[in-house]
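Have a look at the structure below, then the notes.
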Amino acid sequence: MRPIHVLNGPNLNLLGTREPGIYGSLTLADIAARLTERAGARGTITFRQSNHEGDLVTWIQEAGAAGAGVILNAGAYTHTSIALRDAISGAKAEVIEVHLSNVHAREPFRHRSTIAPVARGVIAGFGPLSYELALEALLHGDGGHAPA
Ligand code: DQA
């Protein structure tokens with residue numbers, strides 16, 4: 001059973017009521033339930049959310065130390081945070097960056113990710129399914145392309 005840590009950043013606690021035209025009507029708890037069901041006996045899901053960058057840094061370090069795969073929706077920190085990028089590199093965590101929305105079809109400031117260069121991969125634009133696709137990628141475990 002692979003440990004999988006699902007880490008969510010700022011404002012994702014508001015899912016369900018936050019801009020539903022962009023982010024849909026499911027809550028973060030709904031997404032957690034879907035992932036736990038989908039993982040079944042294949043993985044153990046630890047699901048967390050924080051509005052604070054430092055919490056995410058600490059949790060990435062913890063995931064790296066535990067050898068856990070990470071599904072990371074860093075919210076707006078995706079576009080600004082060198083600390084998160086350094087945490088991923090430093091912890092040698094296998095991270096998949098996810099987004100509910102297609103950030104590349106939105107405002108230009110959302111096109112840049114500080115995390116993507118050190119992530120194993122990026123999945124964006126599929127709503128809650130983005131998380132499920134990332135879970136499948138981590139559980140597939142073929143040791144495919146890793147960042148340099
Ligand atoms: C998001 C996209 C980010 O640009 C935004 O700041 C979010 C959510 C997404 O899941 O689509 O908070 O990460």
Side-chain angles (χ1 to χ4, degrees), residues 2-39 42-64 66 68-141 144-147:
R2 180 159 199 204
I4 305 287
H5 292 198
V6 188
L7 308 181
N8 294 279
N11 299 304
L12 291 164
N13 55 311
L14 299 179
L15 278 188
T17 56
R18 177 193 183 196
E19 302 181 82
I22 297 174
Y23 298 117
S25 56
L26 289 190
T27 66
L28 210 53
D30 293 330
I31 294 174
R34 279 193 182 198
L35 287 178
T36 301
E37 188 184 339
R38 187 161 192 142
R42 299 182 295 158
T44 53
I45 304 289
T46 300
F47 201 92
R48 291 165 154 170
Q49 187 274 332
S50 177
N51 293 325
H52 303 280
E53 190 176 16
D55 288 341
L56 296 163
V57 168
T58 299
W59 293 343
I60 289 166
Q61 292 177 3
E62 281 179 19
V70 178
I71 298 171
L72 175 63
N73 185 349
Y77 289 139
T78 304
H79 316 299
T80 63
S81 180
I82 296 168
L84 289 184
R85 177 190 173 123
D86 285 352
I88 294 166
S89 302
K92 293 190 167 53
E94 184 183 15
V95 173
I96 300 190
E97 174 186 330
V98 301
H99 301 284
L100 295 155
S101 64
N102 178 358
V103 285
H104 298 286
R106 300 181 62 195
E107 303 94 326
F109 63 81
R110 295 186 205 278
H111 298 178
R112 175 174 167 268
S113 168
T114 58
I115 298 163
V118 293
R120 167 86 185 277
V122 180
I123 300 172
F126 297 98
L129 185 60
S130 292
Y131 287 73
E132 295 184 60
L133 294 171
L135 176 67
E136 291 301 333
L138 286 172
L139 292 178
H140 192 253
H145 175 73

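Numbering of ligands and ligand atoms starts at 1, following listing order. Positions are given from 1, in the same order as the sequence printed here.
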For this session: In plain terms, say whether E37 and R34 are close enough for a salt bridge, that is, a side-chain N and a carboxylate O under 4.0 Å apart.
Result: no

Exercise. Quick one: does ligand 1 sit under 4.0 Å from the side chain of V98, the backbone, both or neither, non-hydrogen atoms only?
Worked result: neither

Exercise. Is R18 in polar range of ligand 1, meaning some N or O pair under 3.5 Å apart?
Worked result: yes

For this session: Among all protein heavy atoms, pick out the one at the shortest distance from atom 1 (C) of ligand 1; state its residue, atom name and that distance to 0.1 Å.
Result: H99 ND1, 3.6 Å

Problem set entry | Close approach of V103 to ligand 1, heavy atoms, under 4.0 angstrom | yes

Exercise. With distance as the sole criterion, is a donor-acceptor pair present between the side chains of E97 and S113 under 3.5 Å?
Worked result: yes

Problem set entry | contact_flag E107 ligand 1 heavy-atom lt 4.0 Å | no

Exercise. Side chains of T27 and D30: donor-acceptor distance under 3.5 Å anywhere?
Worked result: yes

Exercise. Tell me, which protein residue and heavy-atom name are nearest atom 11 (O) of ligand 1, and how many Å apart are they?
Worked result: S101 OG, 2.6 Å

Exercise. Aromatic rings F109 and H79: how do their planes relate, parallel, tilted or perpendicular, breaks at 30° and 60°?
Worked result: perpendicular

Problem set entry | T17 side chain vs L14 backbone, donor-acceptor pair below 3.5 Å | yes

Seminar exercise, completed: among protein heavy atoms, the one nearest atom 5 (C) of ligand 1 is R110 NH1, 3.3 Å

Seminar exercise, completed: protein heavy-atom neighbour closest to atom 9 (C) of ligand 1 works out as L100 N, 3.4 Å

Exercise. Salt bridge between R38 and E136, side-chain N to carboxylate O under 4.0 Å?
Worked result: yes

Exercise. Considering only heavy atoms of H79, which atoms of ligand 1 have at least one such atom less than 4.0 Å away?
Worked result: 3 (C), 4 (O)

Exercise. Roughly how far, to the nearest 0.5 Å, is the OG1 atom of T36 from the CD1 atom of I31?
Worked result: 11.5 Å

Exercise. For ligand 1, is N11 a contact, meaning one of its heavy atoms is under 4.0 Å away?
Worked result: no

